[in-house]
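The figures here come from the full heavy-atom set of this structure, side chains too, leaving out hydrogens, waters and symmetry mates.
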Amino acid sequence: MDKDVEDNMGGNRFWEFYLVRYLLGTIFGVVVLFFLVINYNNQITASFFKSEIAIKVEKFEQEDKLKAEKLLNEGDVLGVVKMLGDDDKVRANLFSFLFSTTYDVNKDDAIDILKVLGKSDLFTSTHSDKMIQLKQTGFPILAAIVIVISGFLYMYLSSMLILVLHGVRSVLFSFPKNPESRKYPFVFCWIFTLLALFFFCIFFIADNHIGKHISSVSILILIFAIIVVGSTEFKSFYTKISLFRVFNKDKRVVPNLVEKTIITRGFQRKTTSKLDSQGEEEIESQLSRKEYVESYRHLREHGNAFGIIVCELFFLIWLIKWEFSAWAIFYWCALGFTMWFLGTFLETSVVNHEGDTTS
């Protein structure tokens, strides 16, 4: 396998591949989704089938119908959903879609099939319709595919928190010693981070949608504030880490020679020189640096796999607190979308810098 491909996939050992690491999150995502459907059947039905509930109410008996209409007028959709039969809720519809297949068969063909199976006595003269509906239950391949994709999508959505932490890690996990003026962006970014955590707590104790909206918007604004205030530090960090990676990737040792990549004003120039005592020390330094990079990558990436589980649980609570409203998905995705602005800023800043140095 090509070395670049190995680096991108995480290595040439099976446990280092992203597929293996994220399989844990996908399986756990499936478990979480089944937990939601089984334990929050009424709440999900009230959120996703709100427009159809009024139609279902028309089929109620007169007494139940009057009670349901009263609940609807009071805005208690969940109370009406609790009056519905299980077959009218999301769990029954979902399980029917996944685990059962219905066929319309001609009556004569159905009789022939039953005769072949030796079950012709199951068909009685009361079946006067020309078409017979057969239902096959089981676990088809389509259900397996849908479940796995759903688990992966849930995992990917949940990992938004890791994306944000990864994007702003330079101001959360490092602190400049000098110059003195560079400390202020870090201080403000940490203040904004603590405020964001505070509003997360406010969100979880809020008992109405207004409080949830205010806390969600506040968190969104604070993340934007971190990006703006720490923009200079973000640019400096990503420039240094990019040069570090290029230097380690393009610096290779060959017998009796050492090949270096020198970066000058954005352009690469390769030089080759004889090995001497200084070159041997440089080789040892390179190998040591490579081992160091591999160690922290293993820690971070494997920790990332378990971090995804934590994020999935956090997203689970987020959805429950929002009562499965569409606002839950909107704010969650909006928080992740802030990293697009950070990435765009880094892209445009380096392009503008290169334009200034070459002009």
Side-chain angles (χ1 to χ4, degrees), residues 4 7-10 18 22 152-176 181-197 199-200 213 215-250 263-268 293 296-297 300-301 304 307-308 311 314-315 318 326-359:
D4 291 342
D7 290 340
N8 290 332
M9 292 297 293
Y18 284 116
Y22 291 154
F152 177 80
L153 290 177
Y154 182 84
M155 177 204 68
Y156 192 84
L157 275 174
S158 301
S159 64
M160 178 276 295
L161 291 177
I162 294 180
L163 169 64
V164 174
L165 287 174
H166 187 77
V168 301
R169 68 191 186 280
S170 60
V171 295
L172 295 181
F173 302 104
S174 62
F175 197 85
S181 60
R182 292 186 60 195
K183 292 183 179 179
Y184 293 107
F186 286 86
V187 172
F188 280 111
C189 285
W190 263 107
I191 291 174
F192 293 149
T193 301
L194 293 175
L195 285 173
L197 292 175
F199 279 107
F200 265 118
H213 281 293
S215 55
S216 298
V217 172
S218 299
I219 295 168
L220 197 58
I221 293 173
L222 287 167
I223 292 180
F224 270 113
I226 292 173
I227 294 174
V228 173
V229 173
S231 58
T232 303
E233 301 304 325
F234 289 134
K235 180 182 176 182
S236 174
F237 170 78
Y238 280 100
T239 300
K240 290 177 182 178
I241 195 68
S242 298
L243 291 175
F244 176 78
R245 288 170 177 171
V246 170
F247 181 75
N248 281 278
K249 181 178 179 181
D250 291 337
I263 301 177
T264 307
R265 302 182 71 178
F267 297 95
Q268 295 183 359
V293 171
Y296 81 68
R297 279 182 176 173
R300 188 183 65 195
E301 295 302 329
N304 181 60
I308 288 176
C311 291
F314 193 90
F315 188 40
W318 177 272
W327 286 108
I329 303 298
F330 172 78
Y331 283 121
W332 191 266
C333 292
L335 293 173
F337 184 55
T338 57
M339 292 301 100
W340 179 87
F341 292 94
L342 175 58
T344 301
F345 163 75
L346 295 172
E347 178 189 36
T348 54
S349 61
V350 73
V351 170
N352 292 335
H353 175 73
E354 292 298 329
D356 293 338
T357 56
T358 56
S359 59

Between the NZ atom in Lys235 and the CG atom in Leu342, the distance rounded to the nearest 0.5 Å is 13.0 Å

Relative to the ring of Trp332, is the ring of Phe314 parallel (under 30°), tilted (30 to 60°) or perpendicular (over 60°)?
tilted

Nearest heavy-atom contact between Leu163 and Gly336 is CD2-O, 3.8 Å

d(Phe234 CZ, Ser349 OG) to nearest 0.5 Å is 12.0 Å

Note to self: Tell me if a side-chain donor or acceptor on Ser216 pairs with a main-chain N or O of His213 at a distance below 3.5 Å.
What the structure shows: no

Margin query: Taking the six-membered ring for Trp, are Trp327 and Phe330 closer than 6.0 Å centroid to centroid?
Written below: yes

Heavy-atom nearest pair, Cys311 first then Ile162, reads SG-CG1, 3.6 Å

d(Ile226 CD1, Ser231 OG) to nearest 0.5 Å is 12.5 Å

Here the pair of heavy atoms bringing Ile308 nearest to Ser159 is CG1-CB, 4.4 Å

* Asked: Between the main-chain N or O of Thr232 and the side-chain N or O of Ser236, is there a donor-acceptor pair closer than 3.5 Å?
  -> no

In short, Ala196 meets Leu222 closest at the heavy-atom pair N-CD1, 3.4 Å

Phe200 atom CZ, over 12 foreign heavy atoms within 6.0 Å:
yes

message = Tell me whether the rings of Phe224 and Phe341 are parallel (<30°), tilted (30 to 60°) or perpendicular (>60°).
response = perpendicular

| said: Is it the case that atom CZ in Phe152 sees more than 12 heavy atoms from other parts of the structure closer than 6.0 Å? | reply: no

